[in-house]
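We number each residue from 1, following the sequence as shown.
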Amino acid sequence: MPGPRSVGLLGTGGTIAAIASESGARGHRGAGDLAPADGAAPAGIEVHPRDVLRRSSRAMTLDDLWALAEAVRAEIAAGRDGVVVTHGTDTLEETVYALGLLVETTAPVVVTGAMRAAHLAGPDGPANVRAALVAAAEPALAAYGPVVVFSDEVHVARLVTKVHGTRIAAFASPAAGPVGSVVEDRLELLLGPPPTPDRLPRTAAPSRRVAIVPTATEVDGSWVEAAAGEADGLVVAALGGGHVSPALGEALIRVAESGRPVVVTSRCPDGALLARTYGGAGSEIELRKAGLLFAGGLTAPKARLRLVFGMSAGIPADQLFP
């Protein structure tokens with residue numbers, strides 16, 4: 001019979017590791033505290049916990065994401081059959097996408113967390129860790145790139161987002177739904193892996209700055225060029241299928257003409273960006289004609305990560321967003 005599957009459990013902090021204090025949940029338990037007790041791990045899985053970071057996900061930095069990616073790569077290089085990362089939920093979707101950019105998943109990589117700390121009624125951390133360990137021990141999951149396992153659902157990095165601020169079922173993939181689930185300590189894959197991997201052809205520590213530009217009624221471009229002066233590129237969370245106000249469009253075009261990349265996403269949680277439907281000032285036709293890049297189905301935070309890490313590795317922006 002085959003031996004047990006070796007799964008690394010990397011702790012970074014967050015609600016799943018929080019403890020009670022007089023000023024609210026804070027402080028962190030280590031990865032060893034989050035691992036199942038002796039004899040309680042899923043059958044056939046050996047868990048190897050270690051801490052990489054101990055902080056709230058709201059405090060994560062780009063350098064932290066690089067350090068975490070290096071830690072995951074080290075676990076895989078050491079021969080782990082899978083890796084689980086425990087993480088705070090505020091920026092969990094960004095971290096899993098960063099791992100998708102930076103890590104070659106020859107073994108499954110799973111990110112999970114909790115919405116209720118261990119001292120609250122009905123904590124979800126133990127169940128999420130158990131499901132994540134089961135998923136990470138399944139070799140077929142490696143082809144999906146890093147994934148999120150939460151509330152027994154499996155979500156790919158490109159599509160997953162946090163859709164609720166307090167509920168246990170906080171994560172979803174609006175464009176397609178989960179690709180699988182964990183049932184009775186086994187992984188059930190429902191859909192095939194993504195057709196195109198997000199992993200960058202080469203990687204480097206983050207050295208570029210990219211700002212996100214929001215859109216709303218009567219948001220103009222009066223501050224955009226000043227913000228762009230401090231950044232190496234911009235990502236726009238545009239309206240609808242890729243539109244901005246005429247004034248904002250003019251400002252973004254000037255930034256693009258200066259040689260800095262401007263990437264368009266949508267503030268909508270689902271739906272494709274358009275290419276040839278609307279014309280006129282601020283339309284997708286005008287923005288594309290002026291050389292702005294469009295990010296497909298990526299959210300603004302994920303497009304920012306792709307631009308930051310891609311440019312840091314010397315990859316031209318038009319190759320990152322063809």
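- Contact of the Thr161 side chain with the Pro174 side chain is registered, since non-hydrogen atoms from C-beta on lie closer than 4.5 Å.
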Contacts under 3.5 angstrom, residues 102-116 side chains, donor-acceptor by atom type, not counting sequence neighbours:
{"unit_1": "Thr105", "atom_1": "OG1", "unit_2": "Ala142", "atom_2": "O", "d": "3.0"}
{"unit_1": "Thr112", "atom_1": "OG1", "unit_2": "Val149", "atom_2": "O", "d": "2.7"}

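- Among residues at least two apart or in separate chains, there is no salt bridge (charged side-chain N to carboxylate O under 4.0 Å, His left out) pair with a member in residues 296-311.
- Within the 4.5 Å cutoff, no side-chain heavy atoms of Thr61 are placed close to those of Trp66.
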Legend entry - Working for side-chain contact (heavy atoms from CB on, under 4.5 Å), residues Ile253 and Glu257: CA-CA 6 Å; Ile253 289 171; Glu257 289 173 343; 3.6 Å; yes
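- Other members of a hydrophobic cluster containing Val183 are absent, since no ILVMFWY side chain comes under 4.5 Å of it, directly or through relayed contacts.
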Inset, instruction - Check the pair Val213, Val235 against side-chain contact (heavy atoms from CB on, under 4.5 Å), reporting the backbone distance first and the verdict last. - result: CA-CA 6 Å; Val213 178; Val235 171; over 6 Å; no
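- From Ile212, atom CD1 reaches atom OG1 of Thr215 across 11.5 Å, with rounding to the nearest 0.5 Å.
- With a 4.5 Å cut-off on side-chain heavy atoms, Val263 and Leu292 do not count as touching.
- Between Leu305 and Leu65, the closest side-chain pair of non-hydrogen atoms falls below 4.5 Å.
- The backbone N or O of Ala176 sits nowhere less than 3.5 Å from a side-chain atom of Ser173 that would complete a donor-acceptor pair.
- In this structure, Phe294 and Thr265 have side chains that are not in contact, with every pair of non-hydrogen atoms separated by 4.5 Å or more.
- Shortest non-hydrogen contact noted between Leu120 and Pro123 is O-CD, 3.1 Å.
- Contact between Gly296 and Leu273 at its shortest, heavy atoms only, is O-CD1, 3.4 Å.
- Salt-bridge annotation for Glu188 and Arg186: present, with a side-chain N of the basic residue lying under 4.0 Å from a carboxylate O of the acidic one.
- For Arg209, the CZ atom counts as loosely surrounded, since its 6.0 Å shell holds 12 or fewer non-hydrogen atoms of other residues, nucleotides or ligands.
- For the pair Val160/Val156, no side-chain contact is recorded, criterion being any heavy-atom separation below 4.5 Å from C-beta on.
- Smallest separation of non-hydrogen atoms from Ala256 and Ala290: CB-O, 4.5 Å.
- Side chain of Ser151 to backbone of Ile168: a donor-acceptor contact under 3.5 angstrom is found.
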Legend entry - side-chain contact (heavy atoms from CB on, under 4.5 Å) evaluation trace for Leu252 with Leu248: CA-CA 6 Å; Leu252 294 171; Leu248 180 55; 3.9 Å; yes
Please tabulate, for the side chains in residues 309-321, all donor-acceptor contacts under 3.5 angstrom to protein atoms that are two or more places apart in sequence or on a different chain.
{"unit_1": "Ser312", "atom_1": "OG", "unit_2": "Ser207", "atom_2": "N", "d": "2.8"}
{"unit_1": "Ser312", "atom_1": "OG", "unit_2": "Arg208", "atom_2": "N", "d": "3.4"}
{"unit_1": "Ser312", "atom_1": "OG", "unit_2": "Val308", "atom_2": "O", "d": "2.7"}

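- A single hydrophobic cluster is seen to contain both Leu298 and Leu307, as judged by linkage of ILVMFWY side chains at heavy-atom distances under 4.5 Å, directly or through other members.
- Among pairs with a residue in residues 144-163, those fulfilling salt bridge (charged side-chain N to carboxylate O under 4.0 Å, His left out) read Asp90-Lys162, Arg158-Asp198, at least two apart in sequence or across chains.
- When side chains are defined from C-beta on, His155 does not count as touching Val147, because their heavy atoms never get closer than 4.5 Å.
- Side-chain N or O atoms of Arg130 include none that pairs as donor or acceptor with a backbone N or O of Pro36 at under 3.5 Å.
- Hydrophobic clustering, with ILVMFWY side chains joined whenever heavy atoms are under 4.5 angstrom apart, groups Val182 together with Leu191.
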Tabulate below the donor-acceptor pairs under 3.5 Å that side-chain atoms of residues 3-11 make, not counting sequence neighbours, or state none.
{"unit_1": "Arg5", "atom_1": "NE", "unit_2": "Ala137", "atom_2": "O", "d": "3.2"}
{"unit_1": "Ser6", "atom_1": "OG", "unit_2": "His48", "atom_2": "NE2", "d": "3.3"}
{"unit_1": "Ser6", "atom_1": "OG", "unit_2": "Arg80", "atom_2": "NH1", "d": "3.0"}

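- For the atom pair Asp270 CG and Thr299 OG1, the distance stands at 12.0 Å (nearest 0.5 Å).
- For the atom pair Thr86 OG1 and Asp33 CG, the distance stands at 10.5 Å (nearest 0.5 Å).
- Take Phe171 and apply the ring pair (Phe, Tyr, Trp, His ring centres under 6.0 Å) test, not counting sequence neighbours, and it matches Phe150.
- In plain terms, the two heavy atoms of Ala118 and Arg29 that are nearest each other are CB-NH2, 3.5 Å.
- Shown here are the side-chain hydrogen bond (donor to acceptor under 3.5 Å, both in side chains) partners of Thr95, two or more places apart in sequence or in another chain: His87.
- Under the rule for a side-chain hydrogen bond (donor to acceptor under 3.5 Å, both in side chains), Glu218 has no partner lying at least two apart in sequence or in another chain.
- Val154 is not listed as a side-chain neighbour of Pro178, based on a closest heavy-atom distance of 4.5 Å or more.
- Annotation: ring pair (Phe, Tyr, Trp, His ring centres under 6.0 Å) contacts of His243 (sequence neighbours excluded): Tyr278.
- Closest heavy-atom contact between Ile285 and Thr277: CD1-N, 4.1 Å.
- Side-chain heavy atoms closer than 4.5 Å link hydrophobic residues (I, L, V, M, F, W, Y) into clusters, and following such links, possibly through other members, connects Leu101 to Val52.
- Legend: residues meeting side-chain hydrogen bond (donor to acceptor under 3.5 Å, both in side chains) with Ser56, ordered by chain and number and at least two apart, are Arg58.
- Side-chain atoms of Asp51 come within 3.5 Å of backbone N or O of Ala31 as a donor-acceptor pair.
- Salt-bridge formation is not detected for the pair Glu284/Arg276: no Lys NZ or Arg NE/NH1/NH2 atom is positioned less than 4.0 Å from an Asp or Glu carboxylate oxygen.
- A donor-acceptor contact shorter than 3.5 Å is absent between the side chain of Thr91 and the backbone of Glu94.
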Inset, instruction - In sequence, state the C-alpha distance, the side-chain angles, and the governing distance for Val236 and Val262, and then conclude on side-chain contact (heavy atoms from CB on, under 4.5 Å). - result: CA-CA 7 Å; Val236 186; Val262 179; 3.8 Å; yes
Inset, instruction - Apply side-chain hydrogen bond (donor to acceptor under 3.5 Å, both in side chains) to the pair Asp220 and Ser222, showing each step before the final yes or no. - result: CA-CA 6 Å; Asp220 61 22; Ser222 58; 2.8 Å; yes
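- A continuous path of Ile, Leu, Val, Met, Phe, Trp and Tyr side chains, each step under 4.5 Å between heavy atoms, connects Leu53 with Val148, placing both in one hydrophobic cluster.
- Hydrophobic clustering (ILVMFWY, side-chain heavy atoms < 4.5 Å, transitive): Ile76 and Val96 are in one cluster.
- Atoms CG and OG, from Leu274 and Ser283 in turn, are 10.0 Å apart once rounded to the nearest 0.5 Å.
- In this structure, the side chain of Asn128 does not engage the main chain of Gly125 through any donor-acceptor pair within 3.5 Å.
- Listed by chain and number, the residues in a side-chain hydrogen bond (donor to acceptor under 3.5 Å, both in side chains) with Arg167 are His164 (sequence neighbours excluded).
- Expressed to the nearest 0.5 Å, how far CG of Leu293 lies from CG of Leu234 amounts to 11.5 Å.
- When every heavy atom of Ser266 is checked against every heavy atom of Gly240, the shortest pair comes out as OG-O, 2.6 Å.
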